[in-house]
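In what follows, a structure is listed as structure tokens, so that the remarks can point back to it.
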Amino acid sequence: MPELPEVETIRLGLVKLLPGRVVADVWHDWHKSFPNAPADAARFLVGAKVKTVRRRAKVLIIELSSNYSLVIHLKMTGQLVFMGDKRFGAGHPTKSLVGELPDKSTRVILDFKDGSKLFFNDQRKFGWMRLIPSIEVPEIDFFKTVGPEPLDDDFTVDKFVERLRRRKNSSVKAVLLDQTVLAGVGNIYADESLWTAKIHPATVVDKIPSTKLVLLHDGLIKVLKLGIEKGGSTDRNFRSAEGKKGNYLTFAQVFRRENQPCPRCGTIIDKIRVAGRGTHICPFCQREPKAKP
DNA sequence: CACTTGACCTGTCCGC
DNA sequence: TGCGGACAGGTCAAGT
């Protein structure tokens, strides 16, 4: 599920809710959701205090006072939902948004000393959580290969174009989704940014004029920022740390809007398949690239 | 090497 | 209503 704006939305919630809380216990039901829990949790998790919560690409990092970090990838259907302690009173707002937890998608529960809890729910079980010495976090395979953060100030047009052009023969959509080219873009924001720049997703990067790549760079940053501003996108599962749905899809131009008119020209939006993913386009604004002769 | 295709899982929706 | 198949926001390993 979550792409950069969704993961950042969760981080913004957690960073308000978790720091200072001390872990009292941990429970997990599915070994792949937290593979090293049995070995390390008792020593480096229980009794540790949360220092802060960071994000890199689509990954969350909960830093602990034990000098270990919980590194979390939510993949398609992961959620991190916080349920407060007695200070929230009975029937605190999260419960009314997500219902009783744990439910059947709950994979891991962190219990804090003050009675609050953090639930890692993941219907499809693709997500994972790992306890890693904080100093080794940058050394995990994913972080060694992942590309730059698109919302960093130094992510310039030149840097963007240089990185995209490394992939000569791929469709531009496949390149945007490639986390080693740049971090954090997934299916929603790839489609939205390509519509903004009027580029057909199947176009080979080498065939796109630089002027259009400038528009794509601008459009990508714009849609990612709007995604964060609207609290992410809830297509089915996404929830913030407080259990709220995201509002971005109300503002989406093409994603999940097949058979509706393009907001720019009125042509009916089409859903096709590019790079193995469902892909939404305006067939007029985003003309199909010419076939090779 | 560069790129594409399954596999990992559960749940839901759609057509027969 | 039941049942099979396609599909769902992401990455890997294995294939061409």
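Please read all numbers here as calculations on a predicted model, not as lab measurements. To find a chain, count down the sequence lines: A is the first, B the second, and so on, and within it residues start at 1.
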With [atom1] as the reference atom in both, quote the distance from [N] to [M] in angstrom, rounded to an integer.
N: C:dA13; M: B:dC9; atom1: P; result: 15 Å
N: C:dA6; M: B:dG6; atom1: C1'; result: 15 Å
N: B:dC13; M: C:dG9; atom1: P; result: 15 Å
N: B:dT5; M: C:dC7; atom1: P; result: 14 Å

- Distance flag, aromatic centroids of A:F120 and A:H28, threshold under 6.0 Å: no

Quickly work out the [X] [atom1] to [N] [atom2] distance and round it to whole Å.
X: A:L60; N: C:dG9; atom1: CG; atom2: C1'; value: 15 Å
X: A:E3; N: C:dG9; atom1: CD; atom2: C1'; value: 6 Å
X: A:D122; N: C:dG10; atom1: CG; atom2: P; value: 13 Å
X: A:K144; N: C:dC12; atom1: NZ; atom2: P; value: 13 Å
X: A:D178; N: B:dA2; atom1: CG; atom2: P; value: 11 Å
X: A:E6; N: C:dA8; atom1: CD; atom2: P; value: 16 Å
X: A:R166; N: B:dC3; atom1: CZ; atom2: P; value: 13 Å
X: A:D191; N: C:dG9; atom1: CG; atom2: C1'; value: 11 Å

- Can you tell which of B:dT4, C:dG10, C:dG9 lies closest to the side chain of A:N237? C:dG9

- Between A:E136 and A:Y68, do the side chains contain an N or O donor and an N or O acceptor separated by less than 3.5 Å? no

- Task: Give a yes-or-no answer on whether the side chains of A:N67 and A:S134 include a donor-acceptor pair shorter than 3.5 Å.
- Result: no

Check nucleotides 8-12 of chain B against the protein and report each pair of N or O atoms closer than 3.5 Å, with its distance, or say if there are none.
unit_1, atom_1, unit_2, atom_2, d
B:dC9, OP1, A:K32, NZ, 2.3
B:dC9, O2, A:R124, NE, 3.0
B:dC9, N3, A:R124, NH2, 3.4
B:dT10, OP1, A:K125, NZ, 3.2
B:dT10, O4', A:Q123, O, 3.4
B:dG11, O4', A:Q123, OE1, 3.3

- Query: Do A:R21 and A:S116 have side-chain heavy atoms sitting under 4.5 Å apart?
  - Reply: yes

- Item | Base partner of C:dG15, which must satisfy Watson-Crick or wobble distances under 3.5 Å | B:dC3

- Query: Partner of C:dG5 by Watson-Crick or G-U wobble geometry, both contacts under 3.5 Å, or none?
  - Reply: B:dC13

Within the pair [X] and [N], is there a side-chain N or O less than 4.0 Å away from OP1 or OP2?
X: A:R273; N: C:dA8; value: yes
X: A:R277; N: C:dC7; value: no
X: A:K271; N: C:dA8; value: yes
X: A:H73; N: C:dG10; value: no

- Query: Start at the 5' end of DNA chain C and walk down; is the nucleotide closest to A:T279 or to A:F142 reached first?
  - Reply: A:T279

Base, sugar-phosphate alone, or nothing: which one does [X] contact when heavy atoms must sit under 4.0 Å apart?
X: A:G186; value: sugar-phosphate
X: A:N187; value: sugar-phosphate
X: A:G127; value: nothing

[Y] six-ring face occupied by [X] cation (under 6.0 Å, within 45°):
X: A:R287; Y: A:F284; value: yes
X: A:K117; Y: A:F82; value: no
X: A:R257; Y: A:W195; value: no

- Note on the structure: Here the gap from A:R277 atom CZ to A:N187 atom CG, rounded to the nearest 0.5 Å, amounts to 4.0 Å

